[in-house]
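Just so you know, these numbers use all the heavy atoms, side chains as well, and skip hydrogens, waters and symmetry mates.
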Amino acid sequence: MVLAIIAFIAAFLLLASVGLLLFYRNAALQRLGAVVAERPTSPGPLSALISTSGPDSMHTILAPFQNVLPRTEAEASQLQKRLVRAGYRSRSAVNMFYAAKVVVPLALCAAALLTGLYQYVGAFIFLMCGGVGFLLPDLWLGNRTDNRQLNIRLGLPEALDLMVICTEAGLGLDQCLLRVSQELKRSQPEISEEFSLVHLEQKAGHPRVDALKNLAERTDVDSVRALVQSLIQSDTFGTGIAKNMRVYSDTLRTQRRQKAEEQAAKTTIKLIFPLALFIFPTLFIVVLGPAGIVFMEGMKNFIDSVGVK
């Protein structure tokens, strides 16, 4: 039983590793090429934003499973927003996600069948694999979105500092966003991508206010929404943005420091459960173990003496 569970876990990890390797291969090659080459040959902002996330082989594999699950336009639109917040803007991202919700349960069931785990657990293992496999894409997408929003939240003060420098140097807001996106392409790729998209939307003819509102909607980060509101007010009333950006940058750093202090203060409460479950039992064994052994030996000697008499 234990060997079958270990084999099932190993097969699942192997399948997941192969999937991640295929999924992130293009992104890794582009990053390596941008770092190694003297002049990066990575695509421009527009082609990078509309390019697909995975290789063509992934689309070929997942194509037969795209239309298995039923979907409505509202569900597809909501999923498209979630994928955009996670950084996937390809038109085929929705189809790949629905295909993954079919392929992953089948892969888990196949792993359970090949490892022979069903012989010990029965048909329940296939139900469990189907349920877990159906939920895994949603869990992965939520984790991806949270990580991307965290990177945007942590890198925003740096972007604000660069915006202050650019505006004080005489650049307008449009050129400021473009310059910041170019400077943060390697250190903060998420913010660079979002600012580049704002610039491209303005070049395509969208008003500046609409482009900034789309930025807040795409990221769904509170600090970005506050930044967009400040930029819209500055653009509407014609006030300077350098001072506001500097103050807001300091506020974000203060909030980040307070958040870290809050997390540090919570550790004392979170340590109660590991202490109660793991540390205290071992201490009791170390402290009371020798006394228990002596007590048992004394009781045995006493019983033997009473039995002899």
*Asks:* Between K203 and L178, does the side chain to side chain contact (heavy atoms under 4.5 Å, CB included) criterion hold? Intermediate values first, please.
*Replies:* CA-CA 11 Å; K203 288 181 64 177; L178 178 61; over 6 Å; no

*Asks:* Can you hop from F124 to V132 via hydrophobic side chains spaced under 4.5 Å?
*Replies:* yes

*Asks:* Taking D210's backbone N and O only, do any of them form a donor-acceptor pair with N214's side chain (distance below 3.5 Å, no angle check)?
*Replies:* yes

*Asks:* Identify each donor-acceptor pair in which a side-chain atom of residues 260-267 lies under 3.5 Å from a protein atom, sequence neighbours left out, and give them as a table.
*Replies:*
unit_1, atom_1, unit_2, atom_2, d
E262, OE2, K266, NZ, 3.4
T267, OG1, A264, O, 2.5

*Asks:* For the atom pair CD1 (I165) and SG (C176), what is the distance rounded to the nearest 0.5 Å?
*Replies:* 10.0 Å

*Asks:* If you look only at pairs with a residue in residues 146-175, which of them pass as a salt bridge (Lys or Arg N to Asp or Glu O under 4.0 Å), with sequence neighbours excluded?
*Replies:* R148-E193, R148-E194, D161-R253, E168-R246, D174-R208

*Asks:* For F273, give me all partners under side-chain contact (heavy atoms from CB on, under 4.5 Å), at least two apart in sequence or on another chain.
*Replies:* none

*Asks:* State, yes or no, whether a side-chain contact exists between I303 and K300 at a heavy-atom distance under 4.5 Å.
*Replies:* no

*Asks:* Do any side-chain atoms of residues 220-230 form donor-acceptor pairs under 3.5 angstrom with protein atoms, and if so which ones, sequence neighbours left out?
*Replies:*
unit_1, atom_1, unit_2, atom_2, d
D220, OD1, R225, NH2, 3.2
D220, OD2, R85, NH1, 3.4

*Asks:* Got a donor-acceptor contact below 3.5 angstrom from the Q188 side chain to the I152 backbone?
*Replies:* no

*Asks:* What donor-acceptor contacts under 3.5 angstrom involve side-chain atoms of residues 279-291, with partners at least two apart or in another chain?
*Replies:*
unit_1, atom_1, unit_2, atom_2, d
T282, OG1, F278, O, 3.2
T282, OG1, I279, O, 2.5

*Asks:* Please check: side-chain N/O of S249 versus main-chain N/O of M245, any donor-acceptor pairing under 3.5 Å?
*Replies:* no

*Asks:* Taking ILVMFWY side chains as joined if any heavy atoms are under 4.5 angstrom apart, and letting links pass through other members, which residues group with L154?
*Replies:* L150

*Asks:* Restricting to pairs with a member in residues 267-281, which pass salt bridge (Lys or Arg N to Asp or Glu O under 4.0 Å), not counting sequence neighbours?
*Replies:* none

*Asks:* Do L215 and L197 have side chains that approach each other closer than 4.5 Å (heavy atoms only, starting at C-beta)?
*Replies:* no

*Asks:* Residues two or more places apart in sequence or in another chain: which of them pass side-chain contact (heavy atoms from CB on, under 4.5 Å) with F134?
*Replies:* L69, K101, P105

*Asks:* Is there side-chain contact between S234 and N244, with at least one heavy-atom pair below 4.5 Å?
*Replies:* yes

*Asks:* Consider side chain to side chain contact (heavy atoms under 4.5 Å, CB included). Of L108, V102, V104, which one does L106 pass it with?
*Replies:* V102

*Asks:* Please collect all salt bridge (Lys or Arg N to Asp or Glu O under 4.0 Å) contacts where either partner lies in residues 102-128, sequence neighbours excluded, each pair once.
*Replies:* none

*Asks:* According to a hydrophobic-cluster definition based on side-chain heavy atoms being under 4.5 Å apart (Ile, Leu, Val, Met, Phe, Trp, Tyr only), do W140 and L83 belong together?
*Replies:* yes

*Asks:* Under 4.5 Å between side-chain heavy atoms, hopping through other hydrophobics if needed: is there a path connecting V103 to L79?
*Replies:* yes

*Asks:* In terms of hydrophobic clusters joined by side-chain contacts under 4.5 Å, are Y248 and L173 together?
*Replies:* yes

*Asks:* Find out if a path of hydrophobic residues (ILVMFWY) with successive side-chain heavy-atom gaps under 4.5 Å connects L231 to V247.
*Replies:* no

*Asks:* Can you list every pair that meets salt bridge (Lys or Arg N to Asp or Glu O under 4.0 Å) and has a residue in residues 72-82, with sequence neighbours left out?
*Replies:* R82-D138

*Asks:* Quick one: list whatever passes side-chain contact (heavy atoms from CB on, under 4.5 Å) with K213, sequence neighbours left out.
*Replies:* V209, I232

*Asks:* Which heavy atom in F195 sits nearest to a heavy atom in A159, and how many Å separate them?
*Replies:* CE2-CB, 4.2 Å

*Asks:* Given side chains that start at C-beta, do those of R256 and L156 come closer than 4.5 Å, heavy atoms only?
*Replies:* no

*Asks:* To check you understand the geometry: which heavy-atom pair defines the closest contact between V164 and T167, and what is its length?
*Replies:* O-OG1, 2.9 Å

*Asks:* Compare every heavy atom of A86 with every heavy atom of T145, then report the nearest pair and how far apart it is.
*Replies:* OG1-CB, 3.4 Å

*Asks:* Please find the pair of heavy atoms, one from P157 and one from L252, that lie closest to each other, and give the distance.
*Replies:* CG-CB, 3.9 Å

*Asks:* Return the CE to SG distance between M128 and C109, rounded to the nearest 0.5 Å.
*Replies:* 10.0 Å

*Asks:* Mind checking salt bridge (charged side-chain N to carboxylate O under 4.0 Å, His left out) for E183 and listing every partner two or more places apart, or none if nothing turns up?
*Replies:* R179

*Asks:* Using 0.5 Å steps for rounding, measure from the CE atom of M96 to the OH atom of Y88.
*Replies:* 9.5 Å

*Asks:* Go through the steps for Q182 and L162 under the test side chain to side chain contact (heavy atoms under 4.5 Å, CB included), then give the verdict.
*Replies:* CA-CA 11 Å; Q182 293 173 352; L162 289 177; over 6 Å; no

